[in-house]
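This report refers to the structure that appears directly beneath it.
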2 protein chains.
Amino acid sequence: MRYANEILELINTSHEHLTAEEIFLRMKEQYPGVVLATIYNNLNHLHAEGKIRKVTVEGHPDRYDRATRHDHLVCSKCGDLTDIILDDFTEQLQSQIRDSILSYDLQIRYICPACRKQTNQK
Amino acid sequence: MRYANEILELINTSHEHLTAEEIFLRMKEQYPGVVLATIYNNLNHLHAEGKIRKVTVEGHPDRYDRATRHDHLVCSKCGDLTDIILDDFTEQLQSQIRDSILSYDLQIRYICPACRKQTNQK
DNA sequence: CTCAGAAATTAGAATCATTCTAATTTTAAA
DNA sequence: TTTAAAATTAGAATGATTCTAATTTCTGAG
């Protein structure tokens with residue numbers, strides 16, 4: 001995986017939630033020959049190793065994120081994603097569930113500040 | 001929306017989590033002329049009205065679900081979805097978040113009983 | 001070093017889910 | 001009725017992602 005480290009670095013330092021396409025475009029600046037399929041291969045690999053997270057929100061392409069535990073605020077208007085560190089619910093959930101939990105994904109729907117502004121000023 | 005009521009009925013009574021394709025196949029038995037695009041139109045409509053939920057899990061087509069508040073157990077192996085009614089976290093979340101929450105989506109990853117059996121008996 | 005096999009990358013076709021467009025049909029209501 | 005709006009149909013189009021086959025790069029045993 002020639003590009004895995006660079007891609008991991010990109011995801012870990014960028015505080016956006018990049019799509020495969022966006023990562024591809026940034027990688028292409030440094031490695032003009034690189035191809036989108038390679039980016040997907042690397043991303044799938046990193047994801048399988050648990051080094052990155054994949055965030056799937058309906059109506060949007062998958063985005064990639066740091067592997068650290070955190071939750072997401074998702075704007076219902078524009079789909080914008082914001083990281084948010086809430087209390088870890090694992091124990092609380094586990095106490096209510098028979099089977100053992102691997103992890104969980106919490107997406108909180110709201111209207112992001114930018115969209116709220118737009119709507120209000122109508 | 002000629003089919004909206006039937007589709008809503010289907011989703012509300014079936015305790016599976018049907019995909020658009022599956023709903024289409026069932027509807028076709030009763031209405032042989034119906035077309036997949038119409039099913040999507042009806043589903044999008046019902047979803048926009050808040051009468052059904054759409055469940056998006058990475059690597060799987062969207063599935064449709066009753067609108068009642070509940071969470072999901074998602075099998076990390078096969079993607080199988082199971083409804084689970086946990087305590088409502090809204091207040092707990094709201095107390096930690098500045099912006100106002102519309103709703104949230106909690107997917108809990110685990111290995112479903114069927115997959116667990118498969119793995120163990122190796 | 002060097003060669004063989006394994007792993008990764010490339011190019012581009014293929015796939016799958018979903019949406020879109022345009023034409024037609026149905027519905028509703030005046 | 002007639003007319004306009006809404007829904008449906010047929011099938012093309014889109015977008016994201018995966019797949020296939022050919023090529024390149026890497027690795028490590030000799």
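Keep in mind the model is a prediction, meaning the values are calculated, not measured. Below, each value reflects all heavy atoms present in this structure, side chains not excepted, and no hydrogens, waters or symmetry copies. Quick note on labels: first sequence line is chain A, next is B, and so on, each numbered from 1.
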Sub-4.0 Å heavy-atom contacts from residues 2-19 of chain A onto DNA chain C, ordered by number = A/R2, A/Y3
inquiry  = Among residues 33-48 of chain A, which ones have heavy-atom contacts with DNA chain C below 4.0 Å?
reply    =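 Contacts with DNA chain C under 4.0 Å: A/G33, A/V34, A/V35, A/A37, A/T38, A/N41, A/N42.
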Among residues at least two apart in sequence or on other chains, which ones pass side-chain contact (heavy atoms from CB on, under 4.5 Å) with [X]?
| X | answer |
| --- | --- |
| B/N12 | B/L8, B/R66 |
| A/L86 | A/D71, A/I84, A/L106, A/I108, B/L93, B/Q96, B/I97 |
| B/A67 | none |
| A/T82 | A/L73, A/D80, A/Y110 |

key: ring-ring contact (aromatic ring centres under 6.0 Å, His included) contacts in which one or both residues fall within residues 83-109 of chain B, not counting sequence neighbours   =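 Residue pairs with at least one partner in residues 83-109 of chain B: A/F89-B/F89.
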request  = Would you mind listing every ring-ring contact (aromatic ring centres under 6.0 Å, His included) that reaches into residues 47-74 of chain A, with sequence neighbours excluded?
outcome  = A/H17-A/H72, A/H70-A/H72
message = Going 5' to 3' along DNA chain D, which are the first and last nucleotides with any atom under 4.0 Å from a heavy atom of chain B?
response = D/dA7 to D/dG11
message = Without decimals, in angstroms, what is the distance between A/E49 CD and C/dA7 C1'?
response =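 Distance, rounded to whole Å: 14 Å.
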inquiry  = Between C1' on C/dT19 and CG on B/D62, what's the gap in Å once rounded to a whole number?
reply    = 13 Å
ask   = With sequence neighbours left out, which residue pairs that include part of residues 33-46 of chain B fulfil the salt bridge (charged side-chain N to carboxylate O under 4.0 Å, His left out) condition?
value =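 Not a single pair qualifies under salt bridge (charged side-chain N to carboxylate O under 4.0 Å, His left out).
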With a 3.5 Å cut-off and sequence neighbours excluded, list the donor-acceptor pairs that the side chains of residues 29-40 of chain B form with protein atoms.
residue, atom, partner, partner atom, Å
B/Y31, OH, B/E6, OE2, 2.1

key: Flag side-chain contact, heavy atom, 4.5 Å: B/T19 against B/E22   =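 SC-SC contact between B/T19 and B/E22 confirmed.
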query = Residues in side chain to side chain donor-acceptor pair (under 3.5 Å) with B/K54, at least two apart?
reply =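 For B/K54, the residues satisfying side chain to side chain donor-acceptor pair (under 3.5 Å) (neighbours in sequence not counted) are A/E58.
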